[in-house]
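Values below: all heavy atoms of this structure, side chains included; hydrogens, waters and symmetry mates excluded. Residues: numbered from 1 along the sequence shown.
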Amino acid sequence: MLTLERATELNETMVHEDHLILHAKNVCYAMGAMAEHFGEDKEHWEAVGMLHDYDYEKYPDEHLRHTEKPLLEAGVPEEDVHAILSHGYSILNDVKPETDMEKSLFTVDELTGIIQACARMRPNGIQDLEVKSFMKKFKDKKFAAKCNRELILQGCEMLGMDLKDVASICIEGMKAHAEELGLAGSAE
């Protein structure tokens, strides 16, 4: 099974830009929270989240086309590679998310971007971010405009979950790592 330590090592060989490392961590911790929600292995899901954009920095225009072979060769289990590939469903490939892990990754990839943007605007960062505030920003299409809301809603539908519930789980997962994610806020 893929460990978080191994996923981090592999990610560090390809991902060097601070904003991409931060995104990987955001997704990692949101995935850990989703794993807990589903009663699954938290560290395993975090590892898949950490590694999900493995080839993006080097191949932004060919994202996920340089992922499968190197990760399999590095010993990453096939089901984990499949999960990583599935987050590109309908935009980059036709690898459909089937498992709760895959559906979660598909959903939280974009969702964490909006959560991060919301938290950065608040004096206390993510520490007092409530779902109500998130939902207000989610509805504002100009806020964190690059985050694809249709994909997030499609993912929630796949999971059979309400957006508010998924956002709440992810906020809590990220909140536990607020300092590391730079989301602890600026208030004294």
Side-chain angles (χ1 to χ4, degrees), residues 1-58 60 63-64 67-68 70-71 74-77 79-89 92 95 97 99-120 125-127 129 134 144 146-148 151-152 155-156 159 161 165-184:
M1 185 184 302
L2 182 65
T3 64
L4 182 54
E5 182 181 4
R6 180 66 176 139
T8 303
E9 283 172 13
L10 288 168
N11 210 47
E12 286 171 351
T13 66
M14 292 286 280
V15 182
H16 306 101
E17 293 178 23
D18 289 343
H19 71 103
L20 295 176
I21 294 167
L22 183 60
H23 173 66
K25 288 179 179 180
N26 281 324
V27 172
C28 164
Y29 297 133
M31 283 295 288
M34 291 299 288
E36 288 181 320
H37 171 78
F38 286 109
E40 298 290 343
D41 186 311
K42 179 180 179 178
E43 185 191 341
H44 179 217
W45 284 38
E46 285 180 340
V48 170
M50 176 61 72
L51 206 49
H52 82 285
D53 277 347
Y54 174 77
D55 73 353
Y56 184 81
E57 182 176 325
K58 196 168 182 182
H63 181 35
L64 296 178
T67 296
E68 186 172 18
L71 289 184
V76 176
E79 60 271 14
D80 295 340
V81 174
H82 187 275
I84 290 166
L85 294 176
S86 76
H87 91 273
Y89 178 65
L92 301 167
V95 181
T99 66
D100 287 336
M101 178 199 281
E102 293 170 352
K103 294 170 187 175
S104 294
L105 182 60
F106 180 87
T107 309
V108 308
D109 183 29
E110 296 287 320
L111 180 64
T112 57
I114 300 175
I115 294 171
Q116 177 183 307
C118 286
R120 287 225 166 121
I126 199 167
Q127 297 179 91
L129 176 62
F134 164 83
K146 289 183 180 177
C147 297
N148 189 325
L151 287 180
I152 295 167
C156 289
L159 287 164
M161 294 175 71
D165 297 330
V166 179
S168 176
I169 292 165
C170 293
I171 289 167
E172 289 307 310
M174 292 166 69
K175 194 181 287 185
H177 302 274
E179 288 286 339
E180 182 184 356
L181 298 174
L183 300 177

Run the side-chain contact (heavy atoms from CB on, under 4.5 Å) check on Asp100 and Trp45 step by step: do they pass? CA-CA 10 Å; Asp100 287 336; Trp45 284 38; 3.9 Å; yes
Give the intermediate values and the outcome of side-chain contact (heavy atoms from CB on, under 4.5 Å) for residues Asp18 and Leu22. CA-CA 6 Å; Asp18 289 343; Leu22 183 60; over 6 Å; no
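Every residue meeting the ring-ring contact (aromatic ring centres under 6.0 Å, His included) condition with Tyr29, not counting sequence neighbours, appears here in chain and number order: His177. With sequence neighbours excluded, the residues forming a salt bridge (Lys or Arg N to Asp or Glu O under 4.0 Å) with Glu36 are Lys42, listed by chain and number. Residues passing the salt bridge (Lys or Arg N to Asp or Glu O under 4.0 Å) test with Arg120: none are found, sequence neighbours excluded. Partners of His82 according to the side chain to side chain donor-acceptor pair (under 3.5 Å) rule, which considers only residues two or more places apart in sequence or in another chain, are Glu102. With sequence neighbours excluded, the residues that form a salt bridge (Lys or Arg N to Asp or Glu O under 4.0 Å) with Glu180 are Lys25. Applying the ring-ring contact (aromatic ring centres under 6.0 Å, His included) rule to Phe134 yields the partners Phe138; only residues at least two apart in sequence or on another chain are considered. Residues passing the side chain to side chain contact (heavy atoms under 4.5 Å, CB included) test with Glu179, sequence neighbours excluded: Ala184. Qualifying side chain to side chain donor-acceptor pair (under 3.5 Å) partners for Glu68, counting only residues two or more places apart in sequence or in other chains: none. With sequence neighbours excluded, no residue satisfies salt bridge (Lys or Arg N to Asp or Glu O under 4.0 Å) with Glu12. Contacts of His44 classified as side chain to side chain donor-acceptor pair (under 3.5 Å), with partners at least two apart in sequence or in another chain: Asp80. Residues forming a side chain to side chain donor-acceptor pair (under 3.5 Å) with Asn26 (at least two apart in sequence, or on another chain): Gln116.
A distance of 9.5 Å separates CD of Glu79 from OG1 of Thr99, quoted to the nearest 0.5 Å. Rounded to the nearest 0.5 Å, atoms CG (Leu64) and CG (Leu92) are 5.5 Å apart. Taking CE of Met31 as the reference point, atom CD1 of Ile169 lies at 12.0 Å (rounded to 0.5 Å). From Asp165, atom CG reaches atom SG of Cys156 across 9.0 Å, with rounding to the nearest 0.5 Å. Interatomic distance, Glu43 CD to Cys28 SG, rounded to the nearest 0.5 Å: 9.0 Å. Here Met50 contributes atom CE and Thr8 contributes atom OG1; the two are 4.0 Å apart, rounded to the nearest 0.5 Å.
Panel note: side chain Glu110, backbone Asn148; a donor-acceptor pair is recorded below 3.5 Å. A donor-acceptor pair under 3.5 Å is absent between the side-chain atoms of Glu40 and the main chain of Met101, judged by distance alone. In this structure a side-chain-to-backbone donor-acceptor pair under 3.5 Å is missing from Gln127 to Lys175.
Here the closest heavy-atom approach between residue Leu159 and residue Ser104 is recorded as CD2-OG, 3.7 Å. The shortest heavy-atom contact between Tyr56 and Leu20 is CD2-CD2, 3.9 Å. Scanning both residues, Pro97 and Ser86, for their nearest heavy atoms gives CG-O, 3.6 Å. Nearest heavy atoms, Ala24 versus Asn11: CB-ND2, 3.8 Å. Between Leu183 and Ala119 the shortest heavy-atom distance is CD2-CB, 4.0 Å. Scanning all heavy atoms of the two residues, the minimum distance from Ala74 to Leu10 falls at CB-CD2, 3.7 Å.
Between Val95 and Tyr89 the shortest side-chain heavy-atom distance does not fall below 4.5 Å. Between Ile126 and Leu181, the closest side-chain pair of non-hydrogen atoms is not below 4.5 Å.
Looking at His87 and Asp53, their side chains do bring a donor and an acceptor atom within 3.5 Å of each other.
Here the rule is side-chain contact (heavy atoms from CB on, under 4.5 Å) with Ile152, and of Asp109, Thr112, Ile114 only Ile114 fits it. Remark: of the listed residues Val15, Thr13, Val81, Ile84, Thr13 is the sole one forming a side-chain contact (heavy atoms from CB on, under 4.5 Å) with Tyr54.
Annotation: salt bridge (Lys or Arg N to Asp or Glu O under 4.0 Å) contacts involving residues 1-10, sequence neighbours excluded, comprise Arg6-Glu9.
Annotation: His52 is not in aromatic contact with His63 [ring centroid separation under 6.0 Å not met].
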